[in-house]
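Sequence positions, counted from 1, serve as the residue numbers for this chain. Side-chain atoms are counted along with the backbone in the values below, which use heavy atoms only and exclude waters and symmetry mates.
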Amino acid sequence: MRLKYWRFRVRDALGNFRHLVEMSASNVDGSGLRFEVMPHDVGRCTFQARPDGPRLAWGDVLEIEAAELSTDEYTRLYRGEARTVGLSGSPELVQYELVSLRQRLSETEMPELTLESMDAGAQLRAVLEVMTAGQVWGNAIYYDPQYVPDVGVNAPRLDSTAFQLLAAYLDELAGLVNGSRPDQAPVVWGVNVAGYLTWGVSGGVALDVRGRSDVAATEWGAVVCENPCTAVRWFLRPFADLGAVTALSRHPAAATLGRRMVRQSLNVLEVWESVTSLPNPPAGSGYSWGTVSAEDRVRLQRGTAAVPVTFNPTTGAREGAFDITPDDPWSYAHFTGVVTPPRAKVQLSIVPYDSGRSINIQVPVSVAGEFDVRIAARTDLSLGGTGVRSNLTFEVPEDVAGLVTCTFRRAGYFAPDQDRLDALASAFYQLPDALVGRVELRSLTWPPPRQVTVVGPGGTAQTAAVTTEYEISAGAYGHTHLKIGSPDPPTQRAMRQLQLLRAQDAAATALTGLVRR
C-alpha cells in the first residue's frame, strides 16, 4: 500500500465520536507518525503536533485511517487511547503517546459471577456477555463472540469473580490453555484495530521478505534474556495453620538450558486434587457417601452418613465408625461437616497401616454440631503414602437414642494438581529468542503479518514478528518495520517479570474465584 492520504478520527474516552482531522489540518511535525500493530492487538503510537491539530485530550480514543486515493475507502491502521499529552521538547509542539485499549482491561473489575467448568473460550464469552451488557466500556471496546472462539481446553469452575481485574483473568486463562497444549500455537489476547476484544490463536498472514526490492534495511541484534526461567518452584499452603507443600514445574528447555528457577507462592485450593476414592458402603451398614462432583475435583457433594450405634464394652460408650483410604500419596487431609445430635462427641484418627501408630485429634464441635478438621502429611508416621486410613468415630451419650447422622461438606485427602500447576507455570517461563532483529520495508505492508520468512545470520528462517511498526512521514508515504524476536532492553524485561510475580496471587484468585487463606 502506497499511502497518499491519511486522517485522524477522534473519539472520547467512552468511544463516542468527537471530530475528524484531515491530514492537511493535523499539523503533525516532519517526523510523522510511528505506531505498532499486531494481528490481535496494537502497541504504542507516538507523534508530535501543534495543539490546534489533532485536538486530542488525555483518555481520548484515536483512530488512524489511510487511503491510496482521496476517493478510496479508508482503512483503519491504528486504534488506541491517549495516555501522554504534552511535555514536548518544543514549546510549539505537543507530544502524544497512545497505548492499546487492552490497558483498560487491567483497570476493569469483573462482575459477581459463578460459572461451571467449560471450554475456556465459552467461559470467557459468558463473562464478556455480562460485562458488555452493563456498558462497562461504552463504545471504546466492542465484544463479538467470533473473536473469542473455543480452544478445546476446559477452564475450572469460576466462583465469585466480583472485584477481580479482567486482565489478570485473561492472562491466567491463556496460561492455562497454553500450558495444556504446548505444541500448538499460543493463545493471546488484546484489543484489535477494529476495537474488538480478541482472545485466541493470533490470525494474520505470512510474509516472505527474501528478495523483495522494497527492503530498505536489515539489522540483526544480540540475543538478550536477562531473567531466564525454565522452572517454577511452587510453595503451596492450603491453610494458614498448615505448613507449605512444594511442587516443581519444568519447561522442556530445562533439559538443555538447565533449571533456571523462580519461586512462587500460590495459596488457593483449586491447585489441589483429591487422591481419595470413596469406597462403596458395606451392604446393610446404614450409611452412604456423597459422590465426587465432575465439575470440581476438590469438593464433594454433600452426602449423609447415618452411622449405626454399637456398644463398646471397653469405654462403656456407644460408638459408630467408618474408614476412608487414599489411593495416592497426599499432602493434607480436610474434613468438615455437621453431626446430629450435637451432643455426640467426634474424634478423627489417622492410622498408618505400616506402623500401627496413629494421631488422634479431638475434633472441636460447635453447639450446632459443626466440625472442621485439617491435618498435614507427617512423613515420620508415613502419612504421605497410601498405606493409611481415616477412622471417624462418634461417641454417643447414653441418653441419645437412635442413629447419629453426619453430613459431610468436605472429606478426603488432597495432593498438588501437577497438571494445573504446569499450566499456570507457562506464564512465568522466559526463554531466549532464537533470532532478534529488524527488517525495514519501503512500503506499508498491510495487514500486519503473523509470520515472517527472512534470511538471518544462520540462513533462511521462518519466525514470528513480535510487532510491526508503521512509519508515516509528513510526505504521506509509509514504511514498515518488522520487529523480530524480543528486542526490549533487559530492564524492561526484568520489570515485566517482576510484575508477573507480583500479580500471580491476584491472577490465580481471578481464575479460581477463591481468595487467599
N/O donor-acceptor pair under 3.5 Å between [X] side chain and [Y] backbone:
| X | Y | value |
| --- | --- | --- |
| H251 | V232 | no |
| N154 | D119 | yes |
| N16 | D12 | no |
| S100 | G43 | no |
| T230 | G258 | yes |
| T132 | Y143 | no |
| R260 | L257 | yes |
| W58 | R83 | yes |
| R18 | V61 | no |
| E65 | Y5 | no |

What's the separation between atom [atom1] in [X] and atom [atom2] in [Y], rounded to the nearest 0.5 Å?
| X | Y | atom1 | atom2 | value |
| --- | --- | --- | --- | --- |
| C45 | E469 | SG | CD | 9.5 Å |
| E81 | L62 | CD | CG | 11.0 Å |
| T218 | E440 | OG1 | CD | 9.0 Å |
| S249 | L421 | OG | CG | 5.0 Å |
| Q48 | L33 | CD | CG | 11.5 Å |
| L105 | M110 | CG | CE | 11.0 Å |

Original post:
In chain order, what residues pass the side-chain hydrogen bond (donor to acceptor under 3.5 Å, both in side chains) check against R50, with sequence neighbours excluded?
Top reply: D52

Original post:
After noting the C-alpha distance and the side-chain angles of F17 and N139, does the key distance pass the side chain to side chain contact (heavy atoms under 4.5 Å, CB included) rule?
Top reply: CA-CA 9 Å; F17 176 76; N139 293 315; over 6 Å; no

**OP:** Go through the steps for Q264 and R233 under the test side chain to side chain contact (heavy atoms under 4.5 Å, CB included), then give the verdict.
**Re:** CA-CA 6 Å; Q264 178 60 30; R233 171 65 66 184; over 6 Å; no

Less than 4.5 Å apart, any side-chain heavy atom of [X] and any of [Y]?
| X | Y | answer |
| --- | --- | --- |
| D60 | P54 | no |
| V28 | M23 | no |
| Y332 | V245 | no |
| P51 | V94 | yes |
| V191 | W137 | no |
| T46 | Q95 | yes |
| L482 | L207 | yes |
| L124 | L170 | yes |

Which heavy-atom pair separates [X] from [Y] by the least distance, and what is that distance?
| X | Y | answer |
| --- | --- | --- |
| L101 | A140 | CD1-O, 3.4 Å |
| R55 | H19 | O-CE1, 3.4 Å |
| R212 | S443 | NH2-OG, 3.8 Å |
| L431 | C229 | CD2-O, 3.9 Å |
| G195 | R79 | CA-NH1, 3.6 Å |
| R181 | V201 | NH2-CG2, 3.6 Å |

Original post:
Is there any salt bridge (Lys or Arg N to Asp or Glu O under 4.0 Å) pair reaching into residues 135-147, and which pairs are they, with sequence neighbours excluded?
Top reply: none

**OP:** Take N192 and T198 through the test side-chain hydrogen bond (donor to acceptor under 3.5 Å, both in side chains) and record every step on the way to the result.
**Re:** CA-CA 7 Å; N192 65 15; T198 62; 5.4 Å; no

Original post:
Got more than 12 heavy atoms from elsewhere within 6.0 Å of CZ, R250?
Top reply: no

Original post:
If you count the non-hydrogen atoms of other residues, nucleotides and ligands that lie under 6.0 Å from CD in Q184, is the total more than 12?
Top reply: yes

Subject >> Audit row: R125, D150, side chain to side chain contact (heavy atoms under 4.5 Å, CB included) steps and yes/no >> reply: CA-CA 9 Å; R125 289 196 300 273; D150 288 347; 2.9 Å; yes

Subject >> Which residues share a ring pair (Phe, Tyr, Trp, His ring centres under 6.0 Å) with Y470, sequence neighbours left out >> reply: F35, W446

Subject >> Centroid-centroid distance, Y96 to F8, less than 6.0 Å >> reply: no

**OP:** Tell me, with the steps shown, if V454 and L435 meet side chain to side chain contact (heavy atoms under 4.5 Å, CB included).
**Re:** CA-CA 10 Å; V454 297; L435 194 62; 4.1 Å; yes

**OP:** Evaluate the criterion salt bridge (Lys or Arg N to Asp or Glu O under 4.0 Å) for residue pair R34 and E471; output intermediate values, then yes/no.
**Re:** CA-CA 5 Å; R34 296 183 80 98; E471 178 185 2; 3.4 Å; yes

Original post:
Q430 and N227: side-chain hydrogen bond (donor to acceptor under 3.5 Å, both in side chains), yes or no, with the steps?
Top reply: CA-CA 7 Å; Q430 187 78 268; N227 297 281; over 6 Å; no

